[in-house]
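Step one of this worksheet: look at the structure below.
Note that the structure is a prediction, hence the values are computed from the model and not measured. Along the sequence shown, residues are numbered consecutively beginning with 1.
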Amino acid sequence: MTDSKTSVTVEELINNARLKILQGAEYIDRPIVTGNICRPALPFAGYFTHYPAERIQLLGITENAFADEVDHEKLAEYCERMCCEETPCFVITSDLPILPELKAAAAKANIPILGTHLTSSRAIGNMSAYLWSQLTSRESVHGVLVDINGTGVMLTGDSGVGKSETALELIRRGHRLVADDRVEVYARDERDLVGSAPAILKHMMEIRGIGIIDVMTLFGTGAVLDEDEVDLIIHLESWSPDKKFDRLGHRGDTRTIQDIAVPQISLPVKSGRNLAIIIESAAMNFRAQNMGYDATTTFDNNLHQLIKQNSKR
C-alpha cells in the first residue's frame, strides 16, 4: 500500500526548520505542496516565463545584492508578480533585511515572510530534508523495524511467526523499537530507505496473549526511536526439512522497496532457536561486512589454502 502527504503548512515548516516569522504571522497556515525551493534571481530581472510560483521563494545575499541594482519601480512590479496565490512564503537568509518592495507586495498578497541566521545553502538543506520527508510517497510494509546498534533491521514474515516477540526480546537486550506491525517507509534519496511507525501505533507493540503494550512507558525513552534507515531485512520463515536455507552467506538476496534494493536474509524459525541472539549477530555481521570484513570470504580463503596445502602433500 502506497500513500503520501499532499502538503504541509508554513507553520509546520517553521517548527521543523529553524525559521522565524518576520512578517505575516496570521498567514502561516498556507500550504506547501512541493519540497523544491526557488532562488528567484531571474524574476528580479523580469523573467517570469517559467516562474515556479508554488515553491518557497528564498532570498539570500546574491538575490538581495542583485535586487539592489534594479530600479525601484521595476522591482516593486516584479515583487508583486512574484506574490502569487499559490506562493506559500518567502524566506530571507543570513539575517538580511526585507526588501521594502517585497515587504509591501507580500503584505498585500497575505504571504508570510520568514527569516533565519543560516546561510542559503544550510537553510535549503534544512527545509528540503524536512519537506521531502513529509511529502514523498510512502509505502506501508507488514513487519517490525528495530535499531540494533545503529543498524536498522526490519523483521518480516507471516503473521504469527514471532516478529513482535523477537523484537521485544531485542528491546529487552538494549536495542530500540521504531515500528511494530506496520512500517511506513519512504525513499530519502536514491540509496537510503527510511521507516517509521504510523501515528496511531507509535511506541506501541501487540503481543499475543498480552495485548497492546507501550514500549516507552515500560522500558523508557531510550528504548524507542521515531524513525530509522532500513539497512537490512530479515525474513522469518517456519522451518521445514524440505526447504534449503543459505548456510554460508553466498546468496546475496535483496528486496526492492520504493525502487531501492535492500539486503535480505531468510532465517528459519524452529523451536529452541534464540532468534533475538541470531538476529543481533546477523546485524553485527552485516555491519562488519559494510566495514570491509566478510567472514564468508575469510572462510573461503582458509578453505582454498587448506586444499592447496593438501594438494602439495
Is there a side chain to side chain contact (heavy atoms under 4.5 Å, CB included) between Cys83 and Lys108? Walk through the geometry before answering.
CA-CA 9 Å; Cys83 294; Lys108 183 179 178 181; over 6 Å; no
Is it the case that atom CD in Glu73 sees more than 12 heavy atoms from other parts of the structure closer than 6.0 Å?
no
Other residues, nucleotides, ligands: >12 heavy atoms within 6.0 Å of Asp71 CG
yes
Is it true that Lys202 and Asp180 have a side-chain N and a carboxylate O under 4.0 angstrom from each other?
no
When you measure from the side chain of Arg55 to the backbone N and O of Val33, does any donor-acceptor pair fall under 3.5 Å?
no
Any side-chain donor near an acceptor of the partner, Ser140 and Arg182, under 3.5 Å:
yes
Determine whether Met154 and Val183 make a side-chain contact, defined as any pair of heavy atoms from C-beta on separated by less than 4.5 Å.
yes
Any donor-acceptor pair under 3.5 Å linking the side chain of Lys163 with the backbone of Asp181?
no
Could you go through the side chain to side chain contact (heavy atoms under 4.5 Å, CB included) check for Ile234 and Thr156 one step at a time?
CA-CA 6 Å; Ile234 297 182; Thr156 62; over 6 Å; no
Would you indicate whether the side-chain heavy atoms of Ile37 and Met127 approach each other to under 4.5 Å?
yes
Please evaluate residues Val10 and Asp29 with respect to the criterion side chain to side chain contact (heavy atoms under 4.5 Å, CB included), reporting the C-alpha separation (whole Å), side-chain torsions for both, the decisive distance (0.1 Å), and the verdict.
CA-CA 6 Å; Val10 173; Asp29 59 341; over 6 Å; no
Flag yes if Ile207 and Leu155 sit in one hydrophobic cluster, no otherwise; membership is Ile, Leu, Val, Met, Phe, Trp, Tyr, and two members link when side-chain heavy atoms are under 4.5 Å apart.
yes
State, without any angle test, whether Thr93 and Thr116 hold a side-chain donor-acceptor pair at a distance under 3.5 Å.
no
I'd like to check Arg208 versus Ser159 (side-chain heavy atoms, cut-off strictly below 4.5 Å). Are they in contact?
yes
Distance, nearest 0.5 Å, that separates NE2 of His72 from CG of Leu99
11.5 Å
Can you find a side-chain donor-acceptor pair between Arg176 and Thr221 that sits under 3.5 Å?
no
Partner of Arg287 by side chain to side chain contact (heavy atoms under 4.5 Å, CB included), out of Asn149, Ile148, Asp231
Asn149
What closest approach, in Å, do Val146 and Asp228 show between heavy atoms, and which atom pair accounts for it?
O-OD2, 4.5 Å
What distance do Ile213 atom CD1 and Met205 atom CE have between them, rounded to the nearest 0.5 Å?
5.5 Å
Of Ile28, Val91, Ile14, Ile21, which is the lone residue that meets side chain to side chain contact (heavy atoms under 4.5 Å, CB included) with Pro112?
Ile28
Same cluster for Leu131 and Leu58 if Ile/Leu/Val/Met/Phe/Trp/Tyr side chains link at under 4.5 Å?
yes
Any Asp226 side-chain heavy atom under 4.5 Å of His203 side chain:
yes
Return yes if some donor-acceptor pair links the side-chain N/O of Thr34 with the main-chain N/O of Asn36 below 3.5 Å, else return no.
yes
Quick check for you: to the nearest 0.5 Å, what is the distance between Phe66 atom CZ and Leu42 atom CG?
8.0 Å
Test your reading of the model: is there a side-chain donor-acceptor pair from Gln57 to the backbone of Pro52, 3.5 Å cut-off?
yes
Carboxylate-amine/guanidinium contact Arg188 Glu229, below 4.0 Å:
yes
Minimum heavy-atom distance between Ser128 and Gly35, given as atom pair plus value:
OG-O, 3.9 Å
Salt bridge Arg172-Glu169, side-chain N to carboxylate O under 4.0 Å
yes
Honestly curious: do Val161 and Ile279 fall in one hydrophobic cluster under the side-chain, below-4.5 Å linking rule?
yes
Taking the inter-plane angle between the rings of His50 and Tyr47 on a 0 to 90° scale, is it parallel (under 30°), tilted (30 to 60°) or perpendicular (over 60°)?
tilted
Cys89 side, atom SG; Tyr27 side, atom OH - distance, nearest 0.5 Å:
15.0 Å
Got more than 12 heavy atoms from elsewhere within 6.0 Å of CG, Leu218?
yes
State whether the side chain of Ser94 and the backbone N or O of His117 hold a donor-acceptor pair below 3.5 Å, judged by distance alone.
no
Verdict with reasoning, Leu13 to Ile56, per side chain to side chain contact (heavy atoms under 4.5 Å, CB included)
CA-CA 11 Å; Leu13 177 69; Ile56 295 170; 3.5 Å; yes
Pair Glu184, Ser196: side-chain N/O donor-acceptor within cut-off below 3.5 Å:
no
Passing candidate, side chain to side chain contact (heavy atoms under 4.5 Å, CB included) with Ile233, options Ile257, Val141, Leu193:
Ile257
Report the distance from atom OH of Tyr130 to atom CG of Leu135, rounding to the nearest 0.5 Å.
8.0 Å
Would you confirm whether Ser311, through its side chain, and Ile307, through its main-chain N or O, come within 3.5 Å as a donor-acceptor pair?
yes
Check whether any side-chain heavy atom of Leu22 sits under 4.5 Å from a side-chain heavy atom of Ile98, and report yes or no.
yes
Main-chain N/O of Glu11 paired with Asn15 side-chain donor or acceptor, under 3.5 Å:
yes
Joint hydrophobic cluster, Leu170 plus Phe219, side-chain heavy atoms closer than 4.5 Å:
yes
Does Asp158 have more than 12 heavy atoms from other residues, nucleotides or ligands lying within 6.0 Å of its CG?
no
Determine whether Leu177 and Val144 make a side-chain contact, defined as any pair of heavy atoms from C-beta on separated by less than 4.5 Å.
yes
Take a 6.0 Å sphere around NZ of Lys20 and say whether it holds more than 12 heavy atoms from other residues, nucleotides or ligands.
yes
Closest approach of Ala283 to Val153 (non-hydrogen atoms, all atoms of both residues):
CB-CG2, 3.9 Å
At their closest point, which heavy atom of Tyr186 faces which heavy atom of Ser137, and how far apart are they?
CB-O, 3.5 Å
In terms of hydrophobic clusters joined by side-chain contacts under 4.5 Å, are Ile92 and Ile32 together?
no
Does the side chain of His235 pick up a donor-acceptor pair with the side chain of Ser266 at under 3.5 Å?
no
Side-chain touch Arg30/Ile111, heavy atoms, less than 4.5 angstrom
yes
For the residue pair Val178 and Gly195, what are the closest heavy atoms and their distance?
CG1-O, 3.6 Å
Arg18 side, atom CZ; Leu114 side, atom CG - distance, nearest 0.5 Å:
15.0 Å
For Met82 against Phe48, the heavy-atom pair lying closest together:
CG-CE2, 3.7 Å
Is there a side-chain contact between Pro40 and Phe90, using heavy atoms and a 4.5 Å cut-off?
no
Donor-acceptor contact below 3.5 Å, side chain Thr9 vs main chain Glu12:
yes
